[in-house]
Amino acid sequence: MVVTRFAPSPNGSLHLGHAFSAITAHDLAREAVGRGEGGRFLLRIEDIDGPRSRPELADEFRRDLEWLGLEWEDVPAQSSRIASYDAATARLLDEGMLFPCTCTRAEIAAMQPRVGQDGAIYPGTCKGRLLDPEKPAALRLDMDRAMARVGEIAWSDALAGAQIADPREFGDVVLVRKDAPASYHLAATLDDAADGVTLVTRGRDLFHATHIHRVLQALLGLPVPQWHHHELLLDPDGQKLAKRRNSPSLADRRAAGEDGRLLAEQLRLRRFPDDISLSRPTSEAS
Ligand code: GLU
Ligand code: ZN
């Protein structure tokens, strides 16, 4: 059984890049059905992004997917899963894998840290500090400790092949934010396991984040899926398509009377409107 998912964050309307991502995940599940293996395609709303999150967009997303001619199963939104994030956090705290950090972005920048995959690599200033319930703090993963515990672990991407988990370029990542019940890394990893996802399908921009997710799976004893990090849609200037740039949203296209199923067929054929192109396939995503 192949279980894929599309996991949008409701902090803006979906664009063509999301359509491409949803279609890719949908079709991978449908192809498995065709092979007689069975397949499911899930929709999960990742709505714990604090004030940026606009839950009312979830309905718009569903109308977009329907318009594209996709069929999916809804699974619970992240906002209803806080207890599972808290339980995992408690376990990692217990095991000494997390430490509280009260540093602000500006303070970290002032420490002139090395810059890695995801921006500044946290220089470890708060490591070893104890939790002070009076002070709002983020919880960071002690990456050296985590790596010492899990050792060398592998994961596999359908396009890029076998990988060894190497999250060092992220440093001591935040797993619980000051303003949210879990970071994307923790929440998505727990949810994919809870939802029985066997093939995590998403854009190549999240390829490196998978190193972190693989380590979290090992720490928390979660099942290990396969990954499929697909190519990204690029603007005419070669930048990743983003909500703020000026290709119309799916909702705009829908409202303008465009045929969503036809658009989906075009995207499957790698034919893109608005001078959009696809990132070059590489064996190693970067
Ligand atoms: N919620 C994430 C986003 O919209 C996607 C996370 C994922 O697919 O793992 O960028
Ligand atoms: Zn700190």
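Side chains are part of it too, since the values below use all heavy atoms of this structure and drop only hydrogens, waters and symmetry mates. Atoms within each ligand, like the ligands themselves, are counted from 1 in listed order.
Side chain of Arg254 to backbone of Gly260: no donor-acceptor contact under 3.5 angstrom is found.
Taking every heavy atom of Glu46 and a limit of under 4.0 angstrom, the matching atoms of ligand 1 come to 1 (N), 2 (C), 5 (C), 6 (C). Applying the 4.0 Å criterion to heavy atoms of Tyr184 picks out, from ligand 1, the atoms 6 (C), 7 (C), 9 (O). Taking every heavy atom of Ser9 and a limit of under 4.0 angstrom, the matching atoms of ligand 1 come to 1 (N), 2 (C), 3 (C), 4 (O). Of all atoms in ligand 1, numbered sequentially from 1 with element shown, those under 4.0 Å from a heavy atom of Arg5 are 7 (C), 8 (O), 9 (O).
Both tests do not hold together for Arg44 against Phe6: distance to the six-membered ring centre under 6.0 Å, angle to the ring axis within 45°.
Distances from the Zn ion (ligand 2) show that Tyr122 has an N/O/S atom below 2.8 Å.
Vertex the Zn ion (ligand 2); arms to Cys126 atom SG and Cys101 atom SG; angle 120° (nearest 10°).
You'll find the ring centres of His213 and Trp155 outside the 6.0 Å limit. Ring centers of Phe20 and His230: under 6.0 Å apart, within the cut-off.
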(message) Run the side chain to side chain donor-acceptor pair (under 3.5 Å) test on Asp157 and His229 for me, step by step, so that the C-alpha distance in whole Å, both residues' side-chain angles and the decisive distance to 0.1 Å come before the verdict.
(response) CA-CA 7 Å; Asp157 180 80; His229 294 96; 2.8 Å; yes

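Look at Ala7 and you'll find a heavy atom under 4.0 Å from some atom of ligand 1.
Between atom CG of residue Asp142 and atom CG of residue Asp144 there is a gap of 6.0 Å, rounded to the nearest 0.5 Å.
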